[in-house]
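See below for the structure under consideration.
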Amino acid sequence: MSTQGIVGAALVLLSAVILIRAYSAFLKKRRTEGEELYRFLLHITSGVRRSLATPEALARDFSSDSEEMSRFLNLVAQEKELSFAYSAVGFSLSREAGELFSSLFSGFGKNYLEAEVARLEDYARSISELLSKERDEGERSERAVRAAIIAVALGAVILLI
(Lines give C-alpha, C1' and ligand atoms only; values in the text may rest on other atoms or scores of the structure.)
Protein backbone atom coordinates (compact mmCIF):
# COMPACT_ATOMS: atom_id res chain seq x y z
CA MET A 1 0.00 0.00 0.00
CA SER A 2 1.41 3.35 -1.01
CA THR A 3 1.76 6.45 1.12
CA GLN A 4 -0.79 8.19 -1.06
CA GLY A 5 -3.27 5.36 -0.41
CA ILE A 6 -2.79 5.65 3.34
CA VAL A 7 -3.16 9.44 3.23
CA GLY A 8 -6.26 9.11 1.05
CA ALA A 9 -7.79 6.52 3.39
CA ALA A 10 -7.07 8.74 6.39
CA LEU A 11 -8.66 11.73 4.66
CA VAL A 12 -11.76 9.71 3.77
CA LEU A 13 -12.15 8.50 7.35
CA LEU A 14 -11.54 11.99 8.73
CA SER A 15 -14.16 13.39 6.36
CA ALA A 16 -16.62 10.74 7.53
CA VAL A 17 -16.06 11.69 11.16
CA ILE A 18 -16.52 15.39 10.34
CA LEU A 19 -19.78 14.70 8.49
CA ILE A 20 -21.13 12.56 11.33
CA ARG A 21 -20.29 15.23 13.91
CA ALA A 22 -21.81 18.00 11.78
CA TYR A 23 -25.05 16.07 11.36
CA SER A 24 -25.19 15.29 15.08
CA ALA A 25 -24.59 18.97 15.92
CA PHE A 26 -27.37 20.01 13.52
CA LEU A 27 -29.84 17.60 15.13
CA LYS A 28 -28.83 18.72 18.62
CA LYS A 29 -29.30 22.38 17.66
CA ARG A 30 -32.72 21.61 16.17
CA ARG A 31 -33.80 19.75 19.33
CA THR A 32 -32.47 22.48 21.63
CA GLU A 33 -34.22 25.27 19.74
CA GLY A 34 -37.52 23.40 19.74
CA GLU A 35 -37.26 22.67 23.45
CA GLU A 36 -36.37 26.28 24.27
CA LEU A 37 -39.30 27.63 22.25
CA TYR A 38 -41.54 25.11 23.97
CA ARG A 39 -40.26 26.27 27.39
CA PHE A 40 -41.03 29.86 26.32
CA LEU A 41 -44.53 28.78 25.29
CA LEU A 42 -45.09 27.28 28.75
CA HIS A 43 -43.71 30.49 30.28
CA ILE A 44 -46.06 32.75 28.33
CA THR A 45 -49.01 30.45 29.06
CA SER A 46 -48.28 30.73 32.76
CA GLY A 47 -47.75 34.51 32.51
CA VAL A 48 -50.98 35.11 30.60
CA ARG A 49 -52.94 32.97 33.03
CA ARG A 50 -51.38 34.67 36.06
CA SER A 51 -51.15 38.35 35.22
CA LEU A 52 -51.98 39.13 31.60
CA ALA A 53 -48.34 40.15 31.13
CA THR A 54 -47.29 41.61 27.79
CA PRO A 55 -44.98 39.64 25.50
CA GLU A 56 -42.22 42.17 26.21
CA ALA A 57 -42.45 41.58 29.97
CA LEU A 58 -42.62 37.82 29.46
CA ALA A 59 -39.51 37.91 27.26
CA ARG A 60 -37.58 39.90 29.84
CA ASP A 61 -38.53 37.35 32.54
CA PHE A 62 -37.30 34.39 30.46
CA SER A 63 -33.68 33.39 29.89
CA SER A 64 -31.99 30.95 27.56
CA ASP A 65 -28.46 29.87 26.70
CA SER A 66 -29.37 29.29 23.05
CA GLU A 67 -28.01 32.00 20.74
CA GLU A 68 -31.09 32.01 18.50
CA MET A 69 -33.47 32.04 21.45
CA SER A 70 -31.58 34.97 23.01
CA ARG A 71 -31.90 36.93 19.74
CA PHE A 72 -35.61 36.10 19.65
CA LEU A 73 -36.09 37.24 23.26
CA ASN A 74 -34.17 40.46 22.60
CA LEU A 75 -36.41 41.30 19.66
CA VAL A 76 -39.55 40.60 21.70
CA ALA A 77 -38.20 42.64 24.63
CA GLN A 78 -37.74 45.54 22.16
CA GLU A 79 -41.51 45.42 21.65
CA LYS A 80 -41.39 43.57 18.34
CA GLU A 81 -44.33 41.28 17.67
CA LEU A 82 -43.78 37.62 18.48
CA SER A 83 -44.41 36.61 14.87
CA PHE A 84 -41.92 39.19 13.56
CA ALA A 85 -39.27 38.16 16.10
CA TYR A 86 -39.80 34.48 15.29
CA SER A 87 -39.47 34.96 11.54
CA ALA A 88 -36.48 37.32 11.91
CA VAL A 89 -34.39 34.81 13.85
CA GLY A 90 -34.64 31.83 11.49
CA PHE A 91 -34.70 28.84 13.82
CA SER A 92 -33.54 25.50 12.40
CA LEU A 93 -36.72 23.64 13.29
CA SER A 94 -38.43 21.03 11.17
CA ARG A 95 -41.01 22.34 8.71
CA GLU A 96 -43.90 21.07 10.84
CA ALA A 97 -42.56 22.53 14.10
CA GLY A 98 -41.76 25.80 12.35
CA GLU A 99 -45.30 26.07 11.04
CA LEU A 100 -46.77 25.36 14.48
CA PHE A 101 -44.65 28.01 16.18
CA SER A 102 -45.29 30.49 13.38
CA SER A 103 -49.03 29.98 13.68
CA LEU A 104 -48.84 30.21 17.46
CA PHE A 105 -46.93 33.48 17.46
CA SER A 106 -48.89 35.12 14.64
CA GLY A 107 -52.18 34.64 16.48
CA PHE A 108 -50.93 35.49 19.95
CA GLY A 109 -53.01 37.99 21.91
CA LYS A 110 -55.93 38.16 19.51
CA ASN A 111 -58.41 36.43 21.84
CA TYR A 112 -59.98 37.11 25.20
CA LEU A 113 -58.23 35.61 28.22
CA GLU A 114 -60.07 32.27 28.40
CA ALA A 115 -59.77 31.62 24.68
CA GLU A 116 -56.11 32.69 24.64
CA VAL A 117 -55.18 30.37 27.50
CA ALA A 118 -57.05 27.48 25.83
CA ARG A 119 -55.29 28.24 22.54
CA LEU A 120 -51.87 28.32 24.21
CA GLU A 121 -52.58 25.04 26.01
CA ASP A 122 -53.65 23.39 22.72
CA TYR A 123 -50.43 24.52 21.06
CA ALA A 124 -48.39 23.35 24.06
CA ARG A 125 -49.94 19.88 23.81
CA SER A 126 -49.43 19.66 20.03
CA ILE A 127 -45.86 20.94 20.17
CA SER A 128 -44.94 18.64 23.06
CA GLU A 129 -46.16 15.61 21.10
CA LEU A 130 -44.38 16.76 17.96
CA LEU A 131 -41.07 17.40 19.75
CA SER A 132 -41.24 13.98 21.37
CA LYS A 133 -41.88 12.33 18.00
CA GLU A 134 -39.08 14.33 16.36
CA ARG A 135 -36.66 13.40 19.16
CA ASP A 136 -37.28 9.70 18.50
CA GLU A 137 -37.08 10.13 14.72
CA GLY A 138 -33.90 12.20 15.08
CA GLU A 139 -32.18 9.47 17.05
CA ARG A 140 -33.10 6.87 14.42
CA SER A 141 -32.04 9.21 11.63
CA GLU A 142 -28.72 9.92 13.31
CA ARG A 143 -27.96 6.19 13.64
CA ALA A 144 -28.93 5.54 10.01
CA VAL A 145 -26.86 8.45 8.68
CA ARG A 146 -23.89 7.41 10.82
CA ALA A 147 -24.10 3.83 9.50
CA ALA A 148 -24.42 5.01 5.88
CA ILE A 149 -21.47 7.42 6.12
CA ILE A 150 -19.28 4.78 7.76
CA ALA A 151 -20.24 2.23 5.11
CA VAL A 152 -19.43 4.64 2.27
CA ALA A 153 -16.16 5.68 3.92
CA LEU A 154 -15.07 2.09 4.44
CA GLY A 155 -16.00 1.27 0.85
CA ALA A 156 -13.89 4.17 -0.36
CA VAL A 157 -10.98 3.08 1.86
CA ILE A 158 -11.16 -0.44 0.45
CA LEU A 159 -11.05 0.97 -3.08
CA LEU A 160 -8.05 3.11 -2.18
CA ILE A 161 -6.19 0.13 -0.74
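Listed by chain and number, the residues in a ring pair (Phe, Tyr, Trp, His ring centres under 6.0 Å) with Phe40 are Phe62, Phe72 (sequence neighbours excluded). For Tyr123, the ring pair (Phe, Tyr, Trp, His ring centres under 6.0 Å) criterion is met by no residue, not counting sequence neighbours. Checked against ring pair (Phe, Tyr, Trp, His ring centres under 6.0 Å), Tyr38 has no partners two or more places apart in sequence or in another chain.
Leu154 and Val12 end up in the same hydrophobic cluster when Ile, Leu, Val, Met, Phe, Trp and Tyr side chains are linked at under 4.5 Å. Taken together through direct or relayed side-chain contacts under 4.5 Å among Ile, Leu, Val, Met, Phe, Trp and Tyr, Leu58 and Leu113 form part of one hydrophobic cluster.
Counting all heavy atoms, side chain and backbone alike, Ser83 lies closest to Ser106 at CB-CA, 3.6 Å. Considering all non-hydrogen atoms of both residues, Val76 and Pro55 come closest at CG1-O, 3.4 Å. Nearest approach of Ala153 to Leu13, heavy atoms of both residues: CB-CD2, 4.2 Å. The two residues Ala88 and Leu75 make their nearest non-hydrogen contact at CB-CD1, 3.8 Å. Taking both residues in full, the closest heavy atoms of Gly98 and Leu93 are given as N-CB, 4.1 Å, listed atom of the first, atom of the second, then distance.
Contacts classified as side-chain hydrogen bond (donor to acceptor under 3.5 Å, both in side chains) and involving residues 7-23 (residues at least two apart or in different chains) are given here: Tyr23-Ser141. Annotation: side-chain hydrogen bond (donor to acceptor under 3.5 Å, both in side chains) contacts involving residues 57-66, sequence neighbours excluded, comprise Glu36-Ser64.
Within the 4.5 Å cutoff, side-chain heavy atoms of Leu120 are placed close to those of Phe108. Residues Arg30 and Phe91 fail the side-chain proximity criterion, which asks for heavy atoms closer than 4.5 Å. Looking at Arg31 and Arg135, their side chains come closer than 4.5 Å, going by heavy atoms from C-beta outward. Residues Leu104 and Leu37 fail the side-chain proximity criterion, which asks for heavy atoms closer than 4.5 Å.
For the atom pair CD (Glu121) and CG (Leu42), the distance works out to 10.0 Å, reported to the nearest 0.5 Å. Here Arg119 contributes atom CZ and Thr45 contributes atom OG1; the two are 10.0 Å apart, rounded to the nearest 0.5 Å. Ile20 contributes atom CD1, which lies 9.5 Å from atom CD of Glu142 (distance to the nearest 0.5 angstrom). One finds the CD atom of Glu96 at 9.5 Å from the OG atom of Ser126 (value rounded to the nearest 0.5 Å). With rounding to the nearest 0.5 Å, the separation of CG in Leu82 from OG in Ser87 is 11.0 Å. A distance of 10.0 Å separates OG of Ser132 from CD of Glu137, quoted to the nearest 0.5 Å.
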(message) Between Arg146 and Ser24, does the side-chain contact (heavy atoms from CB on, under 4.5 Å) criterion hold? Intermediate values first, please.
(response) CA-CA 9 Å; Arg146 183 180 298 135; Ser24 293; 4.0 Å; yes

(request) Would you please test Ile149 and Val17 for side-chain contact (heavy atoms from CB on, under 4.5 Å) and show each step? (result) CA-CA 9 Å; Ile149 289 173; Val17 168; over 6 Å; no

(message) As a quick check of understanding, evaluate side-chain contact (heavy atoms from CB on, under 4.5 Å) for His43 and Ser46, giving each step before the final call.
(response) CA-CA 5 Å; His43 177 73; Ser46 172; 5.9 Å; no

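Applying the 4.5 Å side-chain rule to ILVMFWY residues, one finds Ile18 in the same cluster as Leu14.
For Glu67, the CD atom is loosely surrounded, since the number of other residues' heavy atoms within 6.0 Å does not exceed 12. Counting heavy atoms of neighbouring residues, nucleotides and ligands inside a 6.0 Å radius, atom CD of Glu81 does not exceed 12 of them.
Remark: Arg125 engages Asp122 in a salt bridge, criterion side-chain N to carboxylate O under 4.0 Å. Between Arg95 and Glu99, at least one side-chain nitrogen of the basic residue sits less than 4.0 Å from a carboxylate oxygen of the acidic one, meeting the salt-bridge criterion.
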